[in-house]
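To keep things clear, I will list the structure first and then write my remarks on it.
In what follows, chains are A, B, ... by sequence order, proteins preceding strands, each numbered from 1.
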Amino acid sequence: MGYNFTEIEPRWQKRWEAEDPYRVKRDPSRKKFYCLEMLPYPSGRIHMGHVRNYSIGDVISRFMTMNGYNVMHPMGWDAMGMPAENAAIKSGNHPRQHTYDHIEMMRTQLQNLGFSYDWDREIASCDPEYYKWNQWIFLKMMEKGLVYRSRRSVNWCPSCRTVLANEQAEGGTCWRCDSEVELKELEQWFVRITDYAEELLNGLDNLPQWPENVKAMQRHWIGRSEGSFVTFQLDGIDKGLEVFTTRIDTIFGSTFVCLAPNHPLVKEIRQMSPERKAIDEFVGRMNHMSREERLASTEKLGQFTGIYALNPFTKKRIPVYLANFVLMEYGTGAVMSVPAHDQRDFEFAKKYQLPIVPVIAPEPGFRYEEELTEAVEASGVLIDSGVFTGIASDTAKIEMNEVAEAGEFGRGAITYKLKDWGISRQRYWGTPIPIIYCDKCGIVPVPEKDLPVRLPDDVTFTGEGGSPILTSESFLHTACPKCGGNARRETDTMDTFVDSSWYYYRYLNPHLDTAPFDVDDAAYWTPVDLYVGGVEHATMHLIYTRFFTKLLRDFGLLKIDEPVNKMVTQGMVIKDGRKMSKSLGNVVDPDDMIQKYGADAVRVFMLFASPPEKEIEWKDQGAEGALRFLNRVWSFGENNPEIVQKEETFVAEELEGEARSLFQKLHQTIAKVEEDIEKRLHLNTAIASLMELYNQLSATSLEGETIRPVAGAVYRDMIRMMMPFAPHMACELGEVYGFDVSTWPKLNRKFAVPDSFTLVVQVNGKIKDKIEAWVGIEADAAFELAAGSERIAAELAGKTVLKKIYVPDRLLNLVVR
RNA sequence: GCCCGGAUGGCGGAAUUGGUAGACGCAAGGGACUUAAAAUCCCUCGGGGUCUUCCCUGUGCCGGUUCGAUCCCGGCUCCGGGCACCA
C-alpha cells in the first residue's frame, strides 16, 4: 500500500482539531514547560522561515509533553502594522478585514504542518481585547513617570502630507509619489527605557542559555559608556554649554567645542551671532541631507558660530563650532574637541585650521617633535596639563572629575547609546494612545474604566493628509474626562513593538478582562522556558520584551526579572545561496512542498539539514531524502506487521549477538536523541541517529525466535522517538499496529554502552592497528592485547617503549624510541 | 573602522571534554529487478601511490604547545553577521 501522507496527514490534523489534545491548564502538581515561538505578522502566507521556526518549537513541545511535562505551546498574530494599512490605501478594504482574512489562511497553513498549538490561547494584537492592555500598560507607565512627550523628527512627504517610515523613505524619496522627503519635528510620546538601561545590561549576565552573539549585540546596543559631563561657560553670554566626554584627561588639549546642528542652543546663539546667516545656511543644509547621504560620507563639515567658550580647566577662550559629526541623540549633543587625541576632531581641526595641542604622552618620555599626521588616541601620562601633568590618564580622569564637581562645572557620568523609546506612530492600524487633550486641563489620560480606546471605523484610506484616523469625526472629538468640556483625542498609535513586548503573558489568559493576565497563572507558567525565533530580533524586540518584563514586575504582576530562560535564534532559510525573495524569484512555497512531500517530510528535512542556529539551504532533493527515510520506516511495518504488533516480553540481560547489539543500539539512540534535543538542540544529529538506528534494524536478520520481539520493541520505540519530528506518521503507525506513541521510551543506561569497542593503537601518535576490545578493559590488559598484535609487535621490535598513554575505551598510544 | 561568528569531501553537515576526521543524508558512478522507465534494493565514493586487510597525504594559510590538534595558543587570508562620526 505504501506510505500515503496525502491521506494520513489531513486525517490526523482533523482529529487534532476536533480532540484538541494540546489544550493545557495550570496544574501545580506537574512540572511546566513554556515553549514559545515568535508570533508571525499575518502577511497572508507563511514562508519557509516560519516552517523552520515552528518545526523546532514543535519538536521541543512534543518531546517535553512525551516526557510528562505540562507544556504550554501557544500561537498568535502580530496583527498591527503598516502593510495592512498600505493594502487598505491600495484596495480600499479595511485593514481589519485584510488582517483577519490573512490570519484565517495562515492558521490553516500552520495546521497543515501538524503543529501542536493550544489554539484556545490564540491572540491577535489587533483585537481591542488585546490592545486594551497595551493602553493599560501605557497608563501605568504614565503613573510611574515613565512616559513623556518630546519633539523628534520624522520623515515627512510634503506632497502626500504624511509621515513615512524609514523603508518608505528609502533613497530620500517618497514610496508613493517620489517627492523628496523632508525631516519634520513632531511632538511624540517616549518611554523611559533608559531608566532600565543598567538593569537591562547587567541582566544579560544572568542569561547563560542565551546565544553569546545576541547578548553581545544587546550590550553594544545599550552601549554603556563611562565619562564626564563638563560645562563650558560661553564667553560674554550667561549660558553654559554641557559636553559629554570619556576623555576628560585630555581636556587641556581641548581647543574648540562642537555642537550638533540641531542642538537647542543653536537657536539662541544665532540671535546674537555675527555669523547668523552662515549658521542658518549650514543648519538648513544639514537638515536637507538624507540619511543615506549622511551615512555615505565621513567628511567633516563645520561652521563657526562666532561664539567662544571658556575651557574650565585652562580658562582659555576657544571657538564654538557646529559640526556634522556631532549627534544630538547621544550624550549632550555637544563635544569638547581634542584634535591631538581624537581622530574626528583631528580631521576637523586640519580642515578648519584649528590648533592641535598634545596633552597625553602614550609612553613615558614620549615627545611630540614632528607635526602629527593623525590623532594619538591611546591613554598614557598627562603633559602640559597644569597641576595634572605627570599623572596617568586613569587617575587623572578620577581627579579631574572631582575637581569639576567641586567647582560645580562637571561630574563623572555614564551615558548609553540606548535611547528612550519613541512609541508614537502617525498611523491608523495600531493601538490608539489613550490620551485626551483638553484646552482647560491639558494632557489627560483616558480613565482605566474607559479602556479600550477603540480604533474608529468611520475612516477613509487615501494615503494622503496624514494618518487615516484624522478622517474620523467620531474619534477625534470627545469629552474631557476631568472637566467634561470639549476635547480631542491623541491620534497617534503605538509602535507595534509594544504589542509584541508582552504577548506571551497574554497567552496565559487571553480573554481575561480584569487584568492583562492572572498573577497566579504567571507565577506558574513564567518564565518562558524556550523561545525560538529569528536572529533579526536580537536587539529591538528582545530588548523591549526584557524591558516590559521588568516593568510588569515593577507593577507587581510578575515575580521574574527576565522573560526567557533559553533563547534559540534560528538561521535563515535560503535558496540557491541567497535569501528567498519575490524579486529574485526563488521563493519556495510551504504549501507546494507539503503537497509534494508531506508535512512530516518537510519538517524532517528542515530539521535534518542543519543545526537550528545555522543558515539552511532549501533543496527539493533533501526533502525527497527525508521522504525516502519515512517511506522505509513505514515499509518496515508493512512488511513485518506481526513483529511490530506483537509485544512479547524478553529478558534484556539474556540477549546475545545481533539481538543484544540491536537492543544496545536502541538505548544508545535514546540517550543520544534525548541529549541532542534537550541539551544541545541539535535536531539534525538527533535525526541522524534515528536513521542509524533504522539502518541497523533493517540490516538485522529477523529470522529466529529471540530477535523478533527485540526488533518489535526497537521499532516501536523508534516510532515514539520520531513522534516529535514526524507526528502524523508516528500516530498513524501507532494506531495501525496498536501501540501507544504518547510517551517517550525509557532509557536503560546499562544498555546504552556497547560491550566492545575498537581499540585504536598508535605508535608515536600514528595509528598502526585497530583491535576489538572489551569495554572497561584496564590499561595493562589493553597493552597486552596490543602487544599481541603482529603489526604492533613488528613496530615495537628492537625499540624501547618510553610511555604508554591509555584513553579508556578509546585509544592506546605507545611512545617508543 | 570596531565587535561577534565561521572556513571540514562534488554538496548539506558530523566528530559533545585534546584521542579512529568525514557519522547521517544529498549528488554522482556501477550493478540487481523490469520488455522499458520510475520506484526499490545492493556496491563504490577526500586526494595520491604499483587502487593492496598496504603506504603517503589531508579539516583556509604559516608557526607553536602536546605522546597526540578540526578542537588550545600566536600571526595571517577569505567569508558571513551586527554596529557604525556614539565624543
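Geometric assessment of A:Lys804 against the ring of A:Phe783 yields a positive cation-pi assignment under the 6.0 Å and 45° thresholds.
Base pairing of B:C2 is made with B:G82, judged by Watson-Crick or G-U wobble geometry with both donor-acceptor distances under 3.5 Å. With both pairing distances under 3.5 Å, B:A27 is matched to nothing as a Watson-Crick or G-U wobble pair. Nucleotide B:A39 is matched to nothing when pairs are restricted to Watson-Crick or G-U wobble geometry with both distances under 3.5 angstrom. Searching all strands for a Watson-Crick or G-U wobble partner of B:U16 with both distances below 3.5 Å returns nothing. Shown here, B:G22 forms no base pair; nothing in the strands shown gives a Watson-Crick or G-U wobble contact with both key distances under 3.5 Å. Within the shown strands, B:G75 is the pairing partner of B:C61 under the Watson-Crick or G-U definition, both distances less than 3.5 Å.
Annotation: B:A69 and B:C56 have their P atoms spaced 15 Å apart (nearest Å). Look at the C1' atom in both B:G9 and B:U57: the space between them is 14 Å, to the nearest Å. Across the P atoms, B:G18 and B:G6 are found 15 Å apart, a figure rounded to whole Å. Across the P atoms, B:A39 and B:A28 are found 11 Å apart, a figure rounded to whole Å. Taking the C1' atom of each, B:G12 and B:A27 are spaced 11 Å apart, rounded to whole Å. Remark: the separation of the C1' atoms in B:C45 and B:C24 is 15 Å, to the nearest Å. For B:C71 and B:U20, the P atoms lie 13 Å apart once the distance is rounded to whole Å. Rounded to whole Å, the P atom of B:G47 lies 14 Å from the corresponding atom of B:G22.
In this entry the distance linking NZ of A:Lys579 with C1' of B:G80 reads 14 Å, nearest Å. A:Ile414 places its CD1 atom 13 Å from the P atom of B:A87, with the value rounded to the nearest Å. Taking atom NZ of residue A:Lys766 and atom P of nucleotide B:A21, one finds them 11 Å apart after rounding to whole Å. Summarising the geometry, the separation between CD on A:Glu536 and P on B:G82 is reported as 10 Å, rounded to the nearest angstrom. Regarding A:Glu212, its CD atom lies at a distance of 19 Å from the P atom of B:G82, rounded to whole Å. If you take CZ of A:Phe725 and P of B:G25, they are 15 Å apart, rounded to a whole angstrom.
Nucleic acid contact for A:Val326: base, since at least one base atom lies under 4.0 Å from a heavy atom of the residue. Heavy atoms of A:Arg791 sit under 4.0 angstrom from primed sugar atoms or phosphate atoms, though from no base atom. Within 4.0 Å (heavy atoms only), A:Ile767 reaches sugar-phosphate atoms of the nucleic acid but no base atom. As judged by a 4.0 angstrom heavy-atom cut-off over every strand, A:Ser337 is placed among residues making no nucleic acid contact. Backbone-only contact: A:Val815 has heavy atoms under 4.0 Å from sugar-phosphate atoms and none from a base. If you check every strand for non-hydrogen atoms under 4.0 Å, A:Gln762 touches a base. Residue-level contact check: A:Lys419 touches neither bases nor backbone, having no heavy atom under 4.0 Å from any strand. If you check every strand for non-hydrogen atoms under 4.0 Å, A:Glu617 touches nothing. If you check every strand for non-hydrogen atoms under 4.0 Å, A:Ala216 touches nothing. At a threshold of 4.0 angstrom between heavy atoms, the contacts of A:Asn695 are confined to the sugar-phosphate backbone, with no base atom among them. Nucleic acid contact for A:Asn684: sugar-phosphate only, since backbone atoms but no base atoms lie under 4.0 Å from a heavy atom of the residue. Using a 4.0 Å heavy-atom cutoff across all strands shown, A:Arg344 reaches at least one base atom of the nucleic acid.
Here A:Phe629 and A:Phe605 keep their ring centres 6.0 angstrom or further from each other.
Listed nucleotides: B:U40, B:C86, B:U20. Nearest to the side chain of A:Arg628: B:U40. Across B:G19, B:A27, B:A87, the shortest atom-to-atom separation from the side chain of A:Gln621 is found for B:A27. Considering only the side chain of A:Lys614, B:G13 comes nearest among B:G13, B:G19, B:C24.
A tilted orientation is assigned to the rings of A:Tyr321 and A:Tyr352, their planes being inclined by 30° to 60°. The aromatic rings of A:Tyr330 and A:Phe244 lie perpendicular to each other, with more than 60° between the two planes, well past the 30° mark.
With no hydrogens or angles considered, no side-chain donor-acceptor pair links A:Glu692 and A:Gln696 at under 3.5 Å. A donor-acceptor contact closer than 3.5 angstrom is absent between the side chains of A:Ser689 and A:Gln668. Looking at A:Thr758 and A:Glu772, their side chains do bring a donor and an acceptor atom within 3.5 Å of each other.
Against the 90° criterion about 0, the sugar-base torsion of B:G13 places it in the anti range.
Evaluation of atom-type donor-acceptor distances gives no pair under 3.5 Å for the side chain of A:Lys770 against the base of B:U53. Contact annotation: side chain of A:Lys619 to base of B:C11, donor-acceptor pair absent below 3.5 Å. If you check distances only, the side chain of A:Asn213 never reaches the base of B:C4 with a donor-acceptor pair under 3.5 Å.
For the pair A:His341 (side chain) and A:Val376 (backbone), a donor-acceptor distance under 3.5 Å is present.
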